[in-house]
Protein chains: 2
Amino acid sequence: MVALAKERQAKTAVRALRSSAAAAVTKLALPLGQILRGDCIERMRELPTASIDLIFADPPYNLQLGGDLARPDGSHVDAVTDHWDKFDSFERYDTFTREWLTEARRLLKPDGAIWVIGSYHNIFRVGALLQDLGFWILNDIVWRKANPMPNFKGTRFTNAHETLIWASRSEKAKYTFNYRAMKTLNDELQMRSDWVLPICGGPERIRKDGVKAHPTQKPEALLYRIMLATTNPGDVVLDPFFGTGTTGAVARRLGREWIGCEREEDYIAVAEERIAAALPLDESALTTMMSKRSAPRVAFGQLVESGMIAPGTALFDRKRRWNASVRADGSIAAGDQLGSIHGVGSAVQGAPSCNGWTFWHIEHEGEVKPLDALRQLYLLAVED
Amino acid sequence: MVALAKERQAKTAVRALRSSAAAAVTKLALPLGQILRGDCIERMRELPTASIDLIFADPPYNLQLGGDLARPDGSHVDAVTDHWDKFDSFERYDTFTREWLTEARRLLKPDGAIWVIGSYHNIFRVGALLQDLGFWILNDIVWRKANPMPNFKGTRFTNAHETLIWASRSEKAKYTFNYRAMKTLNDELQMRSDWVLPICGGPERIRKDGVKAHPTQKPEALLYRIMLATTNPGDVVLDPFFGTGTTGAVARRLGREWIGCEREEDYIAVAEERIAAALPLDESALTTMMSKRSAPRVAFGQLVESGMIAPGTALFDRKRRWNASVRADGSIAAGDQLGSIHGVGSAVQGAPSCNGWTFWHIEHEGEVKPLDALRQLYLLAVED
DNA sequence: GTTCCGTATGAATCCTAAC
DNA sequence: GGTTAGGATTCATACGGAA
């Protein structure tokens, strides 16, 4: 029994090693920590297939501002009028979007994912194309801006949010989602699809001679949450529209690898300086709360084997509607039902499934506890 | 000069009279206050061109759900499995959407507008098609649900919002927007593009024999805000997916005319009864319905995310009896205790509970401060 | 009458490693 | 590739009955 388990463990370890060795070779071939100069579609074509864990993209928004916009006091609004944000028509925007998304999908590992941020000017086109290309949307996230620019003319609702789409490479992908870290970050409540974050301003906003270095610099807090939620340390993050390098700065801080594409030399210079100044966090600060899914597994039999629970011990659910007794091999018996704590739990309830760890209770040191409490004790005792 | 001006005035008056007379005739020809039975595209084809002021549409979302879903307590989640939400492919969904949107555009007056609500499953396709057909998007509005259904399996972010698109018939349309009404409704602040409203439940939710009459009934508060913002009294509002008639009920209460299309006889019966019982506008009811605002809540993780507190930072209690260090996900570590500021605070003291905001302190700008002081700073930075 | 507690439920693309 | 067994997972409301 023990020998078999060890053999299985060894096989798994070998598989993991092989696959991580292949990944390491691929990773070596990548221009990690570099900003690739020029058109992002061309630069992406030069990168190897299935090599990227996560893509974050903040593409041009296709803004169609009719002429200049003035505040009520007559002062001029510094709108997005840079030449890279002009497209003749939706058709041209779609062609451009389809091209870079196609390359993005080629670059992603099978279990990779993408984030794209946009506003109502472009996000519907991006979302529909993502679906058309085979990406699988996991969530749309609303970045609710704490301090948006008001609508000066009073002609519409204040445009107070932007939309992000999170999508895996395909429907079947086993994407990364650090559920527990997100729940911890949100004071023990599930993280919702609407995120309240301030816009990028103050000292974080990069200025050259008092002028914004980039018109749409994203707050680091936004990238922080994205990477914490959907990457692991060491993962490779690609940003095809790198701008002033928010993605690179946060990736470095969080111990993720990064690659950027950018055509504007001005932005590249700003980004390189900024990322060099970003300090990586040390490893202990980087550790996040693990989900039980990724924690080491304990079989119920181990608790019996270790003597923590004696064969013959009585188990019962919280309301003592059902009873069961523990047997020497770690199975349990309730009436004529025999099997694992999970199987018998679901059988007596007539439920399709059951977590025996939380369903069954036990008297331990004069208290009634769920089995899960004893598992925690076992884990503590086993850890060196 | 004066004579000329008078003549001009007279001509304008005649034109206005003619146009309003024409409008009155068109309006007479409309099936106002009626639910048109059958397929919405066929019924819309029978209505006159340029006769409608506003369209509100809550089309099928094309959810594409998998198997059954159970809550952690084992109970069953009642999903939307109705036949009307099933489509074979995105292509089929697009065809359906293009057809009803085309009719919708024909029916709208030149200065008319449309609202469509959806989720990430369908809204990107709807938005792109609106743009393709010549509609002009004015805002995308996020309905932030105060009480959404959680993500039971911990696999994604809680799907806590739905998206509405508000678009005029064309770029040049002089659409209706009651800016003052919205600002008044929002305590003299511009109404933003994110609206916090509870989902439809309690006495408002229509049930037959204890079972919900419609799986996706929308809250009246949502329609109230839409009609108040973008129609005038007497305007004609068309709802092609009438369901249980929320649009009709609210239109009646607000003194707007309405027309609905619906295929399902069960829904029609419910809607007719409901609208007949709808009372005329009651100002006090309106105020309470609209006054639900979001209370600012700050999670400790937000301070970490925003860069206000760096991972690795040392925390200590007022008497420096215990120390802890901040981790990247907003959890803290004190010895082998890991968890939230509150949980670790109570654990180290052996106390049943602890307010981590006042218990833990930090060195900030050369001073020792409770975390709560930094929370106040964060709130100041984030407030409008 | 009031408070407390248990239960029900809402547009949801809701598990995964090992064999 | 599919199948199976192990086992992980929930927030805000509303309501009814008990205390």
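None of the values given here were measured: they were computed from a predicted structure. The basis for the numbers below is simple: all heavy atoms, side chains too, and nothing from hydrogens, waters or symmetry mates.
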Whole angstrom is fine here: how far is it from [atom1] in [X] over to [atom2] in [N]?
X	N	atom1	atom2	result
Lys292(A)	dA17(C)	NZ	C1'	18 Å
Asn355(A)	dC15(C)	CG	C1'	12 Å
Glu171(A)	dC15(C)	CD	P	12 Å
Asp187(A)	dC11(D)	CG	C1'	15 Å
Asn151(B)	dC11(D)	CG	P	10 Å
Arg207(B)	dT13(D)	CZ	P	16 Å
Phe177(A)	dA8(D)	CZ	P	18 Å
Asn122(B)	dA12(C)	CG	P	13 Å

Which nucleotide in [options] has an atom nearest any side-chain atom of [X]:
X	options	result
Arg297(A)	dT16(C), dA12(C), dA17(C)	dA17(C)
Asp78(B)	dG10(C), dT9(D), dA11(C)	dG10(C)
Arg205(B)	dG7(D), dC15(C), dG10(C)	dG10(C)
Ser340(A)	dA12(C), dG6(D), dA8(D)	dG6(D)
Lys174(A)	dA17(C), dA11(C), dC14(C)	dA17(C)
Gln190(A)	dC15(D), dC14(C), dC11(D)	dC11(D)
Arg293(A)	dT10(D), dT16(C), dA11(C)	dT16(C)
Thr216(B)	dT9(D), dT13(C), dA11(C)	dA11(C)
Lys153(B)	dA11(C), dC14(C), dT13(C)	dC14(C)
Phe152(B)	dA11(C), dC14(C), dG7(D)	dC14(C)

Going by modelled atom types, is there a donor-acceptor pair between the base of [N] and the side chain of [X] at under 3.5 Å?
X	N	value
Lys218(B)	dA11(C)	yes
Arg71(B)	dG10(C)	yes
Asn159(B)	dA12(C)	no

| said: Is Trp136(A) stacked against the base of dT13(C), taking the criterion as centroid distance under 5.5 angstrom and interplanar angle under 30°? | reply: yes
| query | Which residue lies toward the 5' end of DNA chain D, Lys183(A) or Pro203(B), if each is placed at its nearest nucleotide? | reply | Lys183(A)
| message | Both Ser353(A) and Leu189(A) contact DNA chain D. Taking the nearest nucleotide for each, which residue is further toward the 5' end? | response |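 It is Ser353(A) whose nearest nucleotide is closer to the 5' end.
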| Rounded distance (nearest 0.5 Å) linking atom CE of Met290(A) with atom OG1 of Thr184(A) | 11.5 Å
Who is the Watson-Crick or G-U wobble partner of [N], with both distances under 3.5 Å?
N	answer
dC14(C)	none
dT9(D)	none
dG2(D)	dC19(C)
dT2(C)	dA19(D)

Remember a base hit wins even if backbone is also touched, and classify [X] as base, sugar-phosphate or nothing at under 4.0 Å, heavy atoms.
X	value
Arg375(A)	sugar-phosphate
Val298(A)	sugar-phosphate
Pro219(B)	nothing
Asp140(A)	nothing
Cys200(B)	nothing
Ala70(B)	nothing
Gly345(A)	nothing

| 5' precedence on DNA chain C between Arg318(A) and Gly154(B) (nearest-nucleotide basis) |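 The residue mapped nearer the 5' terminus is Arg318(A).
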Would you please confirm or rule out a distance under 4.0 Å between OP1 or OP2 of [N] and any side-chain N or O of [X]?
X	N	value
Arg156(B)	dT10(D)	no
Tyr175(A)	dT16(C)	no
His342(A)	dG6(D)	no
Tyr120(B)	dT13(C)	yes

Answer whether the closest heavy-atom distance between the side chains of [X] and [Y] falls below 4.5 Å.
X	Y	result
Lys145(B)	Leu197(B)	no
Tyr179(A)	Gln190(A)	yes
Val344(A)	Gln349(A)	no

When rounded to the nearest Å, what value does the distance between [atom1] atoms of [N] and [M] take?
N	M	atom1	answer
dG10(C)	dC14(C)	C1'	15 Å
dA19(D)	dG1(C)	C1'	13 Å
dT13(C)	dA12(D)	C1'	23 Å
dA11(C)	dC15(D)	C1'	23 Å
dT10(D)	dT16(C)	P	14 Å

| How would you label the glycosidic angle of dT7(C): syn (within 90° of 0) or anti? |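 With its glycosidic angle more than 90° from zero, dT7(C) counts as anti.
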| message | Among Asp140(A), Asn139(A), Asp194(A), which residue satisfies the side chain to side chain donor-acceptor pair (under 3.5 Å) criterion with His161(B)? | response | Asp140(A)
| query | Between the side chains of Ser340(A) and His342(A), is a donor N or O closer than 3.5 angstrom to an acceptor N or O? | reply | no
| request: Could you give me the CA-CA distance, side-chain angles and deciding distance for Leu315(A) and Trp322(A), then say whether side chain to side chain contact (heavy atoms under 4.5 Å, CB included) is met? | output: CA-CA 8 Å; Leu315(A) 302 182; Trp322(A) 295 286; over 6 Å; no
| query | Is there a donor-acceptor contact under 3.5 Å from the side chain of Asn323(A) to the main chain of Arg320(A)? | reply | no
| task | List the steps, then state whether side chain to side chain contact (heavy atoms under 4.5 Å, CB included) holds for Ile165(A) with Tyr120(B). | result | CA-CA 9 Å; Ile165(A) 301 175; Tyr120(B) 67 84; over 6 Å; no
